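Proteins get letters first, then strands, A, B, ... in listed order; numbering begins at 1 in each. All figures in this text were calculated on a predicted structure; none of them were measured in a lab.
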Amino acid sequence: MKKRLSHNLVSAVNSLHLSGSSKPLSFHKKTRFIQTVQTCNNLVLPTLTHSKILKSGLLNDTIITNHLINGYIKSQQISQAHQVFDEMPEPNVVSYTSLMSGYISASKPQLCLWMFREMHNSLVLPNEFTFATVVNACSILADLQKGKQVHGLVEVFGFRFNLVVCSSLVDMYGKCNEVDFAQLVFDSMADKNVVSWTSMITAYAQNGRGNEALEVFREFNLLDWEIPNKFMLASVINACASSGKLVSGKTTHGAVIRHGHDSNDIVASTLVDMYAKCGCIVYAARVFRRVQNPCVIPYTSMIVAAGKHGHGKVSIELFEEMIDKRIKPNDVTFVAVLHACSHSGLVDQGLEYFNSMSWKHGVVPEAKHYTCVVDMLSRIGRFDEAYRLAKSIKVNPNEGASLWGTLLSASRLHGRLDIAVEASKRLIESDQQVDGAYVTLSNAYVLAGEWENANDLRKKMKQTGVCKEPGCSWIDIKDSTYVFYAGNISFKRGTEVLRMLKELEREMKEKGRSKGLVFVDVEEEAMEETVDHWLKRLNREP
DNA sequence: ATAGGGTTAG
């Protein structure tokens with residue numbers, strides 16, 4: 001590899017022979033030059049060739065300069081690329097589009113949009129590459145408004161029949177949680193390929209509509225003109241995981257093996273995740289151990305899987321194993337570890353990991369990590385620390401919602417009304433999950449016996465039209481899905497379930513694990529009666 | 001010359 005690089009370097013210089021002379025290059029030399037820049041993948045080469053081009057006066061040649069821009073982008077020197085762009089007398093579509101996609105690979109999608117606006121103000125017209133790129137920026141930002149604007153321009157410029165542009169539109173609508181729009185675009189497409197089908201499946205899978213994702217997958221298979229690839233299979237398994245479909249998950253696992261994708265890291269990660277979410281931790285572990293040289297992603301999935309099943313110690317072992325193998329943990333890995341510690345009561349170890357993130361592993365804690373720690377501390381009743389930590393960081397509305405939401409539900413469980421009030425105030429301020437905040441706070445009042453406050457809050461909800469959709473869980477048995485709504489036991493064998501819960505509660509109390517279960521997830525006005533009824537019943541019973 | 005899809009938490 002090293003040899004090839006230095007060879008490139010030499011040939012770059014040789015192919016130019018430019019020093020001093022400003023003679024136009026021969027076609028042959030230009031081609032040689034372009035080939036050299038294309039293969040460059042180190043930091044020195046673009047700069048070196050840049051200076052050669054500068055001396056030769058070739059910087060006015062748009063094609064040559066575009067190659068230089070791409071050279072800088074490939075070697076991750078986006079600001080240099082932009083500088084070259086700025087000095088171009090006549091940038092064309094490629095110059096603009098290259099820089100735009102450069103900004104995306106530099107994880108600066110905002111600047112990609114900015115470049116697109118610049119382009120719009122110039123006389124250069126966008127092409128299908130430009131649109132695919134800018135739509136991609138919108139989906140990374142999950143910016144529906146921008147996405148729709150760009151979609152309008154796609155129609156205006158006549159790219160609505162372009163396969164790639166439409167695939168990225170499907171993806172964009174999916175990432176913006178507008179699955180029905182995604183379906184609309186998908187249905188309007190004349191040409192479809194594995195990528196567009198995968199985008200559609202992913203859109204459903206990532207929006208909690210696993211059934212429809214599987215339906216689309218079935219439709220794809222019925223066409224029988226292309227076989228699913230690893231991208232598609234990963235997405236389908238994700239759909240199974242998020243809707244708890246073990247049987248479909250196993251069937252898809254079969255397809256993964258048949259198509260020879262079982263050695264793929266990411267596919268294995270989705271399988272680990274799917275089995276863990278469907279309750280089969282043993283299968284999850286088996287799939288994980290079969291991965292040769294797992295990278296950070298399967299490790300993280302397995303850490304999550306163990307943590308979810310209450311094996312926090314195993315999560316920690318996996319983390320340490322990973323570090324020993326010199327695999328660098330990322331931000332998600334730490335969420336997983338902290339989450340695992342939190343759910344297994346390994347608070348001190350969790351705090352230790354949290355404090356070592358930055359200096360030991362080079363991962364700067366973000367809001368989501370603070371949220372985990374707040375969760376960890378408040379779970380065991382260390383509210384004052386949790387509250388202090390939550391107050392100490394700056395968050396955007398979205399992050400604030402999960403941060404204060406975590407604190408709110410924990411403080412309700414522990415009956416810390418003061419913190420519950422404070423947390424819900426902040427939650428309502430963040431203008432996210434307002435419905436949930438109202439309900440949880442009102443439940444906290446109920447728990448503290450402050451019925452009047454609870455009623456006031458209910459009234460306020462009615463006035464402002466805030467209404468909470470009832471939460472639910474479900475399980476698939478054979479071909480049927482059984483759905484259970486929060487606060488509702490009016491299904492078959494409901495009383496049996498309640499009796500079982502009481503029994504579990506008794507055992508937990510005996511082992512000192514719980515101060516008592518809370519059965520007050522009043523989600524709807526109409527259910528208040530039944531819940532009150534239970535509450536009284538539960539209080540009456542010893 | 002420049003473009004599209006997969007994973008991990010709550």
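- Checked against the 6.0 Å centroid criterion, the rings of A/His151 and A/Phe181 do not qualify as a close aromatic pair.
- At B/dG5, one or more side-chain N or O atoms of A/Asn136 fall inside 4.0 Å of OP1 or OP2 (strictly under the cut-off).
- Atom pair A/Ile104:CD1 and B/dG4:P shows a separation of 7 Å (rounding to whole Å applied).
- Between the side chains of A/Ser95 and A/Asn66, at least one donor-acceptor pair of N or O atoms lies under 3.5 Å.
- Taking the six-membered ring for Trp, A/Tyr72 and A/His82 have ring centres at least 6.0 Å apart.
- Comparing B/dT8, B/dG6, B/dT2 by their nearest atom to the side chain of A/Asn127 picks out B/dT2.
- Applying the 4.0 Å criterion to OP1 and OP2 of B/dT8, one finds that A/Asn238 has a side-chain N or O inside that range.
- Side-chain atoms of A/Val267 lie closest to B/dG6 of the nucleotides B/dG6, B/dA9, B/dG4.
- Here the nucleotide nearest the side chain of A/Gln206, chosen from B/dG6, B/dT2, B/dG4, is B/dG6.
- Distances were taken from every side-chain heavy atom of A/Asp273 (C-beta onward) to each of B/dA3, B/dA9, B/dA1; the shortest belongs to B/dA9.
- Evaluation of the salt bridge (Lys or Arg N to Asp or Glu O under 4.0 Å) test over residues 257-271 of chain A, restricted to residues two or more places apart or in two chains, returns none.
- Between A/Lys175 and B/dG6 there is a side-chain polar atom (N or O) within less than 4.0 angstrom of OP1 or OP2.
- In the region residues 296-312 of chain A, proximity to DNA chain B at under 4.0 angstrom, judged on heavy atoms, holds for A/Ile297, A/Thr300, A/Ser301, A/Val304, A/Lys308.
- Shown here is A/Arg160, whose CZ atom has no more than 12 heavy atoms of other residues, nucleotides or ligands within 6.0 Å.
- Every residue two or more places apart in sequence or in another chain was checked for a ring-ring contact (aromatic ring centres under 6.0 Å, His included) with A/Phe217, and none qualifies.
- A donor and an acceptor atom never sit less than 3.5 Å apart when one is taken from the side chain of A/Ser199 and the other from the base of B/dG5.
- Of the candidates B/dT2, B/dG6, B/dA1, the closest approach to any side-chain atom of A/Asn264 belongs to B/dG6.
- Contact annotation: side chain of A/Asn229 to base of B/dG6, donor-acceptor pair absent below 3.5 Å.
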